[in-house]
Amino acid sequence: AWTKNQFESFKDQGEFEKEVVRHVETTLARSMFNCDETAAYSATALAFRDRLIKDWNKTQQRQTFTDSKRIYYLSLEFLMGRALDNAMLNVKGKDIAKGGLNELGFRIEDIISQENDAALGNGGLGRLAACFLDSMASLNYPAWGYGLRYRYGIFKQEIIDGYQVEVPDYWLDFNPWEFPRHDVTVDIQFYGHVRKSQDENGKTVANWEGGEVVTAVAYDMPIPGYDTPSTNNLRLWSSKAASGEFDFQKFNNGEYESSVADQQRAETISAVLYPNDNLERGKELRLKQQYFWVAASLYDIVRRFKKSKRPWSEFPDQVAIQLNDTHPTLAVVELQRILLDKEGLEWDEAWNIVTATFGYTNHTVLPEALEKWPVGLVQHLLPRHLQIIYDINLFFLQSVEKKFPEDRDMLSRVSIIEESQPKMVRMAYLAIVGSHKVNGVAELHSDLIQTTIFKDFVKIYGADKFTNVTNGITPRRWLHQANPRLSELIASKTGGYDYLKDLTTLNKLEQYVDDKDFRKEWAEIKYANKVRLAKYIKSTLDITVNPAALFDVQVKRIHEYKRQQLNIFGVIYRYLQLKEMSPEERKKQAPRVSIFGGKAAPGYWMAKQIIHLINNVGSVVNKDPDVGDLLKVIYLEDYNVSKAEIIIPASDLSEHISTAGTEASGTSNMKFVLNGGLIIGTCDGANIEITREIGQDNIFLFGTLSEDVEDLRHNHTYGKHSVDSGLQKVFEAITTGKFGDANDFGALVSAVRDHGDYYLVSDDFQSYVDTQKMVDEEYKNQEEWVSKCIRSVARMGFFSSDRCINEYAEEIWNIEPLAV
Ligand code: DL6
């Protein structure tokens with residue numbers, strides 16, 4: 001059994017130092033005399049890893065001995081960020097490490113910053129998966145994550161002359177957190193053909209033959225829970241040529257290049273993360289990645305289940321698999337294939353097991369993000385799977401026909417196969433049909449999927465199959481780690497750090513809202529965080545910003561639906577107004593720093609234009625002496641998880657201003673509020689629930705409601721579309737070349753002015769600038785502003801990913817924590 005002591009990181013500082021020195025000298029083969037910060041980071045990480053791995057082993061043994069049900073979280077993205085700080089805090093070893101590193105001549109902050117971000121994700125979906133891993137371990141759920149070990153994560157962004165330039169992110173130089181499991185491999189088949197034969201009982205069996213084989217190799221990353229010995233596993237698969245594939249014959253004949261070609265082709269599968277957020281492009285390699293990863297994961301899961309020697313009917317009692325969006329949907333087909341073709345079960349028996357096992361989370365209603373694969377491509381790559389998909393569809397449509405004999409269009413509307421040119425497999429429909437529960441990620445989003453894109457499926461299956469689990473974030477990383485001083489202040493008032501395990505106890509803060517001393521301390525911490533960000537801006541961009549100005553932040557992927565264009569148009573409007581004012585009037589204005597950050601998908605031209613415009617506006621505004629400190633426009637390069645940890649605690653106001661009905665949830669909105677910043681936002685995604693929790697006096701809401709979006713779009717199309725004078729002035733400034741070559745931004749302007757304004761920028765512009773004016777006014781009353789911030793934090797308990805995971809566990813997975 002575990003004792004408290006066993007999971008504490010190190011006995012004392014001396015033990016930690018000894019371990020670091022040992023790793024420097026033996027693992028890294030260096031002497032302490034030439035130990036630089038990189039070596040000190042490596043040795044510290046290895047020392048903590050040694051600790052984690054003991055707990056990891058015990059956790060796995062315990063799960064095996066108790067034969068408990070496990071949850072498997074299948075996600076093509078895990079946006080983990082850095083691991084060392086998180087590991088130190090979760091095992092409560094940071095103080096020891098700080099002292100020890102100090103003794104050895106290092107500052108812990110410098111050591112932490114040596115680590116590359118594990119950036120195996122695009123944005124919200126991948127970061128949610130990372131928060132969920134933290135919560136599942138912290139709550140002692142027996143859980144495994146399964147993903148791909150990309151050699152290149154999301155690209156690094158450089159801004160050169162105002163343009164985004166993409167640079168590859170090779171993050172694996174030295175990764176102390178992973179354990180290669182060269183003994184855990186799975187051979188994965190692609191292409192080939194299906195031959196039907198009869199078995200000894202005369203039953204027809206399908207044999208998938210020929211094609212090519214690629215080997216999946218497991219790499220494990222320990223996931224430590226907070227204040228618990230539970231350490232779960234994230235298993236990432238890497239591709240390599242199947243054993244024997246290296247062609248020695250060719251090599252011996254001197255055909256070196258072609259002898260390694262197969263090897264390179266195999267390794268390509270896990271080479272790179274597709275850099276699209278909320279956009280699917282039907283590339284064969286992407287489908288290959290998906291099958292490679294789900295087939296390896298299912299093989300692993302089934303292998304583990306078979307060890308228990310239970311009957312197949314008990315599979316769903318032992319195994320819950322969550323599909324993080326449709327990317328892993330082939331797992332549904334693969335499990336059916338294993339049960340039919342390998343294990344000899346009958347169709348219905350197998351299908352009941354499959355549907356009882358899977359749950360599907362939808363993360364978007366945007367049509368361009370809903371996955372569809374050409375039937376021909378699936379046929380070519382996975383011939384047996386296509387047959388099974390057709391059978392699944394046939395049985396499904398038969399049941400629909402029986403239930404709705406009158407509705408003749410229903411069948412074509414809900415068919416998993418879209419009868420288009422070319423025919424397509426609709427992955428979301430396959431995921432719904434193959435799962436027992438389907439959930440959205442915030443209330444509005446869950447309502448929207450049930451009333452729009454999946455409306456027919458609600459009729460077919462009933463409303464019970466559909467549910468909502470509003471997203472959450474881990475307070476360990478997003479408060480305790482990112483904002484240590486605020487975390488300490490909160491702990492001092494709420495009775496210690498227990499709030500990190502039960503975020504609802506933040507409500508104890510509410511009694512301090514009117515406490516002047518408390519407010520002062522609170523404001524000081526925010527100011528210090530702003531000073532830290534100001535220094536970062538100075539060191540990276542050589543721009544001086546005033547930490548006393550209002551820091552207004554929008555950091556997220558660049559996307560038209562997220563409307564960074566609305567923000568920058570608002571900034572231009574502010575600039576034009578400042579220019580028109582007399583010096584006396586200017587003196588009365590509240591200074592502001594508008595901070596942007598985020599990557600655009602490399603092929604998303606319009607998003608890149610938005611980045612370019614923001615940068616060009618910055619280079620005009622930031623050196624205009626009329627404006628001085630009153631307005632600065634900053635574009636932070638290469639926004640990622642570790643930068644978010646610096647940026648978010650420093651914000652006074654953050655922007656979550658998507659067109660209503662387009663942002664499924666958003667999670668940075670939660671992070672910003674939890675760090676004592678207010679938000680300006682639309683009635684979209686989780687903004688709505690945040691408003692309900694913190695109260696509408698503590699949030700700046702504006703803009704169109706989702707129920708009105710369709711009518712407005714319709715009006716735009718039929719000519720009733722006008723751009724008000726404020727926005728016209730902004731367009732005039734852009735098109736007359738105030739911010740560089742007007743031709744560069746013609747498309748951005750005419751998307752709003754001439755081409756239907758799909759994202760309703762013109763409809764929301766006036767209420768946006770009016771609301772920003774209110775922000776300026778309210779910010780002047782700092783006492784009241786700080787009170788609002790404290791009150792909001794006190795009411796954020798609902799948005800912990802722990803709450804979220806408990807809901808999944810109860811409503812979808814039917815799984816219990818494992819007592820430790
Ligand atoms: O649920 C996590 C996150 C939401 O917070 C965002 O609102 C949503 O845009 C994002 N969805 C995707 C969809 N991509 N695909 N496929 O990233 O999910």
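Both counts, for ligands and for their atoms, begin at 1 and track the order of listing.
Partners of His656 under the ring-ring contact (aromatic ring centres under 6.0 Å, His included) rule, at least two apart in sequence or in another chain, are Phe672. Residues passing the side-chain hydrogen bond (donor to acceptor under 3.5 Å, both in side chains) test with Asp169, sequence neighbours excluded: none. In this structure, Trp293 has no side-chain hydrogen bond (donor to acceptor under 3.5 Å, both in side chains) partners at least two apart in sequence or on a different chain.
Between Phe466 and Phe454, the ring planes lie tilted relative to each other; the angle falls in the 30° to 60° range.
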Please give the N or O to N or O pairs under 3.5 Å between ligand 1 and the protein, distances rounded to 0.1 Å.
residue: ligand 1; atom: 1 (O); partner: His363; partner atom: ND1; Å: 2.6
residue: ligand 1; atom: 1 (O); partner: Asn471; partner atom: ND2; Å: 2.9
residue: ligand 1; atom: 5 (O); partner: Gly666; partner atom: N; Å: 2.8
residue: ligand 1; atom: 7 (O); partner: Glu663; partner atom: OE1; Å: 2.6
residue: ligand 1; atom: 7 (O); partner: Ala664; partner atom: N; Å: 3.3
residue: ligand 1; atom: 7 (O); partner: Ser665; partner atom: N; Å: 3.0
residue: ligand 1; atom: 7 (O); partner: Gly666; partner atom: N; Å: 3.0
residue: ligand 1; atom: 9 (O); partner: Asn278; partner atom: ND2; Å: 3.0
residue: ligand 1; atom: 9 (O); partner: Tyr561; partner atom: OH; Å: 3.2
residue: ligand 1; atom: 9 (O); partner: Glu663; partner atom: OE1; Å: 3.0
residue: ligand 1; atom: 11 (N); partner: His363; partner atom: O; Å: 3.0
residue: ligand 1; atom: 16 (N); partner: His327; partner atom: NE2; Å: 3.2

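Judged purely by atom type and a 3.5 angstrom limit, Arg476 uses its side chain to pair as donor or acceptor with the backbone of Leu500.
A side-chain N or O of Glu663 and one of Tyr561 form a donor-acceptor pair less than 3.5 Å apart.
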